[in-house]
Amino acid sequence: LEEPLIFEIGGADTCGVDLPTPPPLQGRGPGGGGGADIPHPNPSPEGEGLLGRLGGLLRTDPIGLPGLSEPETVRHYTRLSRQNYAIDCGIFPLGSCTMKHNPRLNEKVARLPGFADLHPLQPEATVQGALAVIDQLAHWLITLTGMDAVAMSPKAGAHGELCGILCIRAALEARGDMREVVLVPESAHGTNPATAAFAGYRVENIPATPEGRVDLAALTARLGPDVAAVMITNPNTCGLFEREMKAISDAVHAAGALVYCDGANFNAIVGRVRPGDLGIDAMHINLHKTFSTPHGGGGPGSGPVVLSEALAPFAPLPFVRKIGDAFELIEEGDGSEAAPDSFGRMTAFHGQMGMFTRALAYILSHGADGLRQVSGDAVLNANYMLRSLEDVLDAPFAASGPCMHEALFSDRHFAEGISTLDVAKALIDEGFHPMTMYFPLVVHGAMLVEPTECESKASLDQFIAALRSIAERARSGDQSLHQAPQLAPRRRLDETLAARKPVLAYEDPSSRT
Amino acid sequence: LEEPLIFEIGGADTCGVDLPTPPPLQGRGPGGGGGADIPHPNPSPEGEGLLGRLGGLLRTDPIGLPGLSEPETVRHYTRLSRQNYAIDCGIFPLGSCTMKHNPRLNEKVARLPGFADLHPLQPEATVQGALAVIDQLAHWLITLTGMDAVAMSPKAGAHGELCGILCIRAALEARGDMREVVLVPESAHGTNPATAAFAGYRVENIPATPEGRVDLAALTARLGPDVAAVMITNPNTCGLFEREMKAISDAVHAAGALVYCDGANFNAIVGRVRPGDLGIDAMHINLHKTFSTPHGGGGPGSGPVVLSEALAPFAPLPFVRKIGDAFELIEEGDGSEAAPDSFGRMTAFHGQMGMFTRALAYILSHGADGLRQVSGDAVLNANYMLRSLEDVLDAPFAASGPCMHEALFSDRHFAEGISTLDVAKALIDEGFHPMTMYFPLVVHGAMLVEPTECESKASLDQFIAALRSIAERARSGDQSLHQAPQLAPRRRLDETLAARKPVLAYEDPSSRT
Amino acid sequence: MRYLPLTDADRSAMLDVIGAESIDALFADVPEAARLSSPIEGLPMHAGEMAVERHMARLAAQNLSAGEAPFFLGAGAYRHHIPASVDHLIQRGEFLTAYTPYQPEIAQGTLQMLFEFQTQVARLFGCAVANASMYDGSTACWEAIAMAGRVTRRSKALLSSGLHPHYASTARTMARFTGDAIVHSPPRLEPETDFAALAQAIDGETGCVVVQYPDILGRIGDMTALAEACHAAGALLVAVVTEPVSLGALRSPGEMGADIVVGEGQAIGVGLQFGGPYLGLFAVRDPKHVRQMPGRLCGETVDAEGKRGFVLTLSTREQHIRREKATSNICTNSGLCALAFSIHMTLLGEKGLRALAAENHRLACLAADRLATVPGVTVLNHSFFNEFTIVLERDARQVVRELADRGVLAGVSLGRLYPDGDRRENGLVVAVTETVTAEDIETYASALEECLR
Amino acid sequence: MRYLPLTDADRSAMLDVIGAESIDALFADVPEAARLSSPIEGLPMHAGEMAVERHMARLAAQNLSAGEAPFFLGAGAYRHHIPASVDHLIQRGEFLTAYTPYQPEIAQGTLQMLFEFQTQVARLFGCAVANASMYDGSTACWEAIAMAGRVTRRSKALLSSGLHPHYASTARTMARFTGDAIVHSPPRLEPETDFAALAQAIDGETGCVVVQYPDILGRIGDMTALAEACHAAGALLVAVVTEPVSLGALRSPGEMGADIVVGEGQAIGVGLQFGGPYLGLFAVRDPKHVRQMPGRLCGETVDAEGKRGFVLTLSTREQHIRREKATSNICTNSGLCALAFSIHMTLLGEKGLRALAAENHRLACLAADRLATVPGVTVLNHSFFNEFTIVLERDARQVVRELADRGVLAGVSLGRLYPDGDRRENGLVVAVTETVTAEDIETYASALEECLR
């Protein structure tokens, strides 16, 4: 049974809620003196004459929003959900997009009315527990990274990058230093150059060594008075630890620039390495990647940014400060004394509170010892994956040392005409979610596999066996791979058509041209 | 991917919980003086010497309970669930086993700690709200049925039947009347005769008229001083209302016997007919059928029994009574004054509280007007089903008047070799749950379809179209029907093998003979 | 009305197909005198979700929930921590809103779960086979007595005085109608169980002996000798376990020779819920007794392609086939509670269950020792798992009420369980699980001390 | 550790395959000086679920949640009743634990939902196309300004004084780095919006005018004339809706000529959550502007068998393809919140949304009229939907604190939103939704009266 769109099954008269009072606003048309003359089917005493207060802008035309009764609604979304793959269904080895188990305790905790039912602008005295959550999470993030401060409000990883780069720019500006260039490695996430460009910087690439790490010599050579910052991902997107990180930081600092670290892969080293010890100045942390907050089909994220002493004064508003036994929220009004150098506000309110409660519950559950085991098991699983597959799949950096949390393969051994895409889609037919495809860009036909620490050995072995067999087929040129997937809710979808003739909203058949 | 059994993937050392203190009880063996000599890996001061208090019965052999980490557990049960069909996935038209939408509000309400986290033996002063729930639900049930009292503790429909029959027997015994026979229609649920037999009665069948109702003349002829009670299902399992119910009751009462009504189908008439007005003495109500409490793969149920004035004094303990502003729970200790005639306790504690909260929330949501609409829509949907299919499926009682909540068909028009079972399995391949098969027993190859009020017209039309097309195939003798289902997680299962060589528990391969 | 998808336009169109004038006309077979022409009087009309939730929340707030107070109640219902994932999983629509798995091809989720559940219960109890659950412990206990009657063709059951009084009451009620003979008296306040006396009392009429383990006062008795005595006399031994967590520390009844082991599974996964729905557990040690078992059974089989699958089986014992000749009138099990039990047990595993049992016992010992220091308190038990009985110098029922006023839920008084007096009323059964903190114990002891002063 | 499936035996076996001695050895590339040899100091070790839940519950209990008090806060975040089924459905593992739908064949659930969401938002806003959501309203507002800059190639943005000050702050922060010019001043305490003055202020540099509807003081302005003025000058009109429920009663911005309509979707389905995660809505009236939009877009297409299906599309605008040339650096949307919004909107439907809006407005009128009777209180607004501004005779920030002490959450003081003073500090923005009862209004009015006495 195909699941129709709500616009095909819902009606303007169907409703899945019962509202406290029956009389809806109705009227013949907008304008005029408003609503005094609008017939009201069941006027209640309080209701009379109120409509004039809508400024004469009563909406009268149909909006076109279909309604469904509650049983139909539950069924529609249940059926839709069953067309999704998810971490709850099986391994989700998306390299660089870490998908861990989302503990249900965290969902429960985030829904406590004392957190979920708080307005962001309540008086501080009524939200001390919420501010304590922010403060406790901040304490953990600072301690785990060995940094000096943390900006909690960024809404996602890329927003955190922006926060970090803005801190850097604000700090440079504060010393009157108007540098223009940000250096980014070729293998970086696309958000890195996009962020730097957004903040007004010119982006230049840093080359990599053949073993998949930043070329320190090339970097050092490029450093100069025009370079504001270097953005490094560590562990990097080839799954390798940047051995020379400290030397890079020292060189960057010596040139008067600052070091931004993309912390997307912090999950590989959490509890084992403190980025602060490597000389970085700012790093965002994707709470959903390292601390397992749910990502619900593409969001929400949450991207707190840890900062060095040099950058801390420039952090955005608002932030939480503990004064005596009480927590205070420092906002614009308090800014002049409390945060004279803050670069300002990045978003309404205080950040992704719903993610903070979950992340804190996750962190407390694991503790310092557990987080260390988390990164250890994640790296163990990735290396097991790498070594179990390197004989059938090209692993370009297999000789560069142990990988961190993800194993990188390329399409080099595939027969003519067989692509990474084919292999990925074939995995779907075996019951697995594919790995990340074609990223990082520096490796041809890249396949980036990140099992995470949440997979059992049995689960890894199943996945390895499936990928081995597909890899064999790819090497031997099995053309049936082009037909995959055959067992999914859909066969391959025509993405070109979607982009060439975009249909981005439902049109009623009657109104289609 | 096939989902293995937990015994195939879990291990004795894997654990999905973290317990507050690490030292487990360990020992070399039971017996002897107990535990003082048992080595304790990490003895805590309080822990020393405690094991002796286990009466020397410390368990030492492996139990054989596999553990899974939390991610594996979530995945195992999520995957299992995806092999189930459920009302959330589509129409579930099991006649006589009403499957309505289960509102999620009710799940939320039942989980309020003020209900879910109460011990049944807390002091009454600390559970006034819980007793109020029982009292309010009782008030609704009494009002909706037009009866005098209600026994809330029965745990399910069949338990309620037993309660009702025991009340009847207790009432008859109280007047020294030791009758021996209970009359049950041929079309009754199997629980009716089983219950009567359990209560020590001899069961005799009452015949039906050709139009599918109780044969009043035959019944009246059979009544006599040996008949204790008549058990009638109304609306009956042929989906018809017993037009002569009042006359039946009068005749039964005139013969000194009592009328038990199986209220499984009360959902067809709720809010429109009060069984008390038809002269019945006892009727159980399946809260999951009429009032939409979830049935979770076969339970729990809840079967309160409404009682006439004549039977009320014999109701079981415990029950709730309001004294002034406070609610009291009448239990054994209070019995002598408060309930001198009660036939006793049927179960530990006070009944299915978790179902009471849900049923009350459902009832309050619908209200008196809504419940009337519920039964109206349920009957409308069933008649629509009946009239939309009677040209392709034999409907034995189609001429007996409108059906109530369910439409009954037979296999009469099917070609040689095609059975009701084949039709049911073919529906699975069309994406639907089949109807009830081979019940009631009085109709050959019966198919009992109960759409409920929760289906939209679009959903009914889809189901009707699918069943029409399968009926055509059945009439034309399409032998491929024997192969259905082909699109389900399993093909037809060998039930004979299961019964002939029962495998009722997992055996480790190593221990299999 | 949010749960009803039909619109008025739908209703008209459907009535046209049916050929009826109105929905009311479909009720023509109801005698007019019994047909209501408008909503039943005296009841409110429909209400929005917010209004209903407010109403229910207001009622909930009138209760003192276990989490709000130091909590020490047991006596057949135990408060344990339930991992959040249990509740998440049982709320999956595919589990929550499925019916009895009558169509096994599209119910393998429920069926495989039941098969796993049966195996877990059988292993926990030291038995060969368990069924797919029953209403609760008390009804399972009666079903065991009835089954023993069928197996032995004897109608007398000796119930230990340590059996939960509600279980005994339930059996007595049923027996009154079936004509079975139940022998049972309330417990004496002694440190040891009555197993030895029971062994003495077995005679040629005795179909079964029923003991609880640990018993209502928390005492733990070795049933090995009693089992031998039963078997020697041709009777069956029925063991009742109301606190299954205890079997993470204690030898199983099956191991000691019990023939039928029943229990209340609520402690694992289900929660308190003011008494229901709970989870009846039922298992037999000897596979030859399977065909006399009541309740549903799930069994392994294969499908038309030879793949392993699961079905409900041996249903020829059941009422929908056998009608008045069935082994029981039971139709419903407690499927959703069985699921919760099975998930929680899977999360625990052997390691977790043993650790949980150890932690319960440790805290119970701590509490017993601390309460023993309160003047006027005597701890009755020599042996106990997570529950023991203290004896006060006055009626414990009143003390429990006074402590509730002080915000401590102190336990279950024997006066409530045995209202006949007979010098038991000073007894108080105290349960201590992993949800109790050392601070709770201290609060309890202090409050009790003040109260007894 | 309950979230980690590997056993020590697994770890050894895997290390053997890898050829490493220990897990620590896998971190050999980390300079030894930076490698920690034991758990980080100063932090606690792992904790059981019960302990963590207790800790978090204790913190939650230190807050006064909206449900515990008469509640009147709005100013960009609104408390509405969310049907229980919404939260049930978004917790389905297949939604909750899925990633961005990069493999559309096994993500049709998320994709079809996003397509439906986009359509709902577009229709609600009176626009042609909406994207698949953004972080929140404030960042969506900035993205709209940035987009208007790309479309018009002009860098000046006129912000209405009625725009939420946090939105204006956010834009100002961003503009500081991009070099755009933001013109904005705080609102004056007048009953009418500043739309007329804005129309006057448009010049040849103006890329866009940004207005809020209803605005921060709850005032409702007709933007028809302003839109005409914008278009005449070659500028775009950006409308910001922070309370989408209002559009169940009010004409849509698109209908009045707004070119880009953005909003905060939190009011529908998402809940308060102390400020996040929220839901940025973003739509354009003219389909030709689609390629300049930021954020993800879901589009309809067909699969290899010709079946309808959905994919993420037009991603050539986005950072993972365009890198430094992308329309925005945004990578994440607010998918789970979009799902909640879409489910809630589906439950409401047109009928429910209109009824909800009517009920909000009715209660707000009731509250405004009642508060106007309190001595020392003036209601500023002539027009409002479910939120209005009252002016007191003293600093409202202090009054709000005093009322909180009396258990009333009274609204958002202008002193908190505009700490610069300038005679706005006596203003108080009061929001009234369907969750407010007549009794709440009465409690508020009485408490305010006492407080102002």
Side-chain angles (χ1 to χ4, degrees), chain B residues 12 15-16 19 25 50 55 64-65 67 77 80-81 83-88 109 112-114 117-120 123 126 129 155-156 158 190 193-195 197 203 241 296-301 333 344-345 348-349 352-354 367-370 376 384 402 456-457 488 490-491 498 503 505-506, chain C residues 5 10 14 23 26 29 39 43 45-46 56 59-60 62-65 73 89 92-94 97-98 100 105-106 108-110 119 123 135 138 166 169 173 220 273-277 299-301 303-304 313 319-320 323-324 326 329 331-333 335-336 347 349-350 352 355 358 365 383 404 419:
Chain B
C15 188
L19 283 151
L25 297 177
L50 294 179
L65 295 170
Y77 290 99
L80 282 187
S81 77
Q83 297 182 27
N84 272 2
Y85 190 96
I87 191 80
D88 279 5
V109 158
L112 291 170
D117 199 17
L118 290 186
H119 191 285
T126 66
K155 293 271 185 185
T195 298
V203 175
F241 191 85
R345 180 180 286 272
F349 313 128
Q352 306 287 62
M353 182 67 185
D369 54 337
Y384 182 68
S456 68
K457 180 168 179 296
R490 283 291 177 278
R491 303 289 302 276
V503 178
Y506 179 78
Chain C
D10 292 333
M14 292 163 74
I23 288 179
L26 299 173
D29 281 334
L43 296 176
M45 298 297 125
H46 73 279
M56 298 301 290
L59 291 177
Q62 290 168 19
N63 304 312
L64 178 67
S65 72
L73 276 76
L89 290 165
R92 296 263 313 162
E94 292 93 331
T97 75
T100 308
E105 297 86 356
I106 46 175
Q108 286 297 303
T110 294
T119 308
R123 291 181 177 190
Y135 303 145
S138 65
H166 288 177
S169 278
T173 299
I220 304 168
Q273 302 194 82
F274 200 50
E300 183 180 321
T301 186
D303 79 353
T313 191
Q319 46 73 27
H320 65 279
R323 301 178 74 84
E324 63 267 28
N329 79 330
C331 171
T332 302
N333 68 354
L336 202 60
L347 283 165
E350 181 127 1
C365 290
S383 64

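Everything numeric here is computed off the predicted structure, so don't read it as measured data. Residue numbers start from 1 in every chain, and the chains themselves are labelled A, B, ... in the order their sequence lines are given, proteins ahead of strands.
Across B:L19 and C:A355, no two heavy atoms sit closer than the pair CD1-CB, 3.5 Å. Heavy-atom minimum distance, B:L65 versus C:R123: CD2-CB, 4.5 Å. Contact detail for B:N84 and C:Q108: the closest heavy-atom pair is OD1-N, 3.7 Å.
Between the side chain of C:E350 and the backbone N or O of B:G64 there is at least one donor-acceptor pair closer than 3.5 Å. Formation of a donor-acceptor pair under 3.5 Å by the C:T173 side chain with backbone atoms of B:R345 is found in this model. With hydrogens and angles disregarded, no donor-acceptor distance shorter than 3.5 Å links the side chain of C:E105 to the backbone of B:R490.
Heavy-atom pairs under 4.5 Å with chain C peak, among B:G67, B:P120, B:G16, at B:P120. Comparing B:A488, B:A12, B:G297, B:G367 by heavy-atom pairs within less than 4.5 Å of chain C, the highest count is held by B:G297. Between chain C and the residues B:P123, B:A498, B:G376, the largest count of heavy-atom pairs under 4.5 Å involves B:A498. Between chain C and the residues B:P300, B:S81, B:A158, the most heavy-atom pairs under 4.5 angstrom are made by B:S81. With respect to chain B, the highest number of heavy-atom pairs below 4.5 Å among C:G93, C:G109, C:S169 belongs to C:G109. Between chain B and the residues C:L59, C:T97, C:L64, the most heavy-atom pairs under 4.5 angstrom are made by C:T97. Taking C:L336, C:N63, C:T100 one by one and counting their heavy-atom pairs under 4.5 Å with chain B, the maximum is reached by C:N63. When each of B:A348, B:A197, B:G370 is checked for heavy-atom pairs under 4.5 Å with chain C, B:A348 comes out on top. Your options are C:T110, C:L73, C:I23, C:D10, and the one with the most heavy-atom pairs under 4.5 Å with chain B is C:L73. Heavy-atom pairs under 4.5 Å with chain B were tallied for C:A60, C:G349, C:S65, C:A304; the largest tally goes to C:A60. The choice from C:A404, C:G352, C:G335 that makes the most heavy-atom pairs within less than 4.5 Å of chain B is C:G335. For the options B:I87, B:D369, B:L80, B:L112, heavy-atom pairs under 4.5 Å to chain C are most numerous at B:D369.
Between atom OH of residue B:Y506 and atom OG1 of residue C:T119 there is a gap of 9.5 Å, rounded to the nearest 0.5 Å. B:K155 NZ to C:Y135 OH: the interatomic distance, rounded to the nearest 0.5 Å, is 10.5 Å.
Residues passing the side-chain contact (heavy atoms from CB on, under 4.5 Å) test with B:P402, sequence neighbours excluded: B:N383, C:L26, C:D29. In this view, B:A368 and C:P39, C:L43, C:M45 satisfy the side-chain contact (heavy atoms from CB on, under 4.5 Å) rule, not counting sequence neighbours.
No side-chain heavy atom of B:F349 sits less than 4.5 Å from a side-chain heavy atom of C:Q273.
In this structure, chain B has a heavy atom under 4.5 Å from the side chain of C:R92, while its backbone stays farther away.
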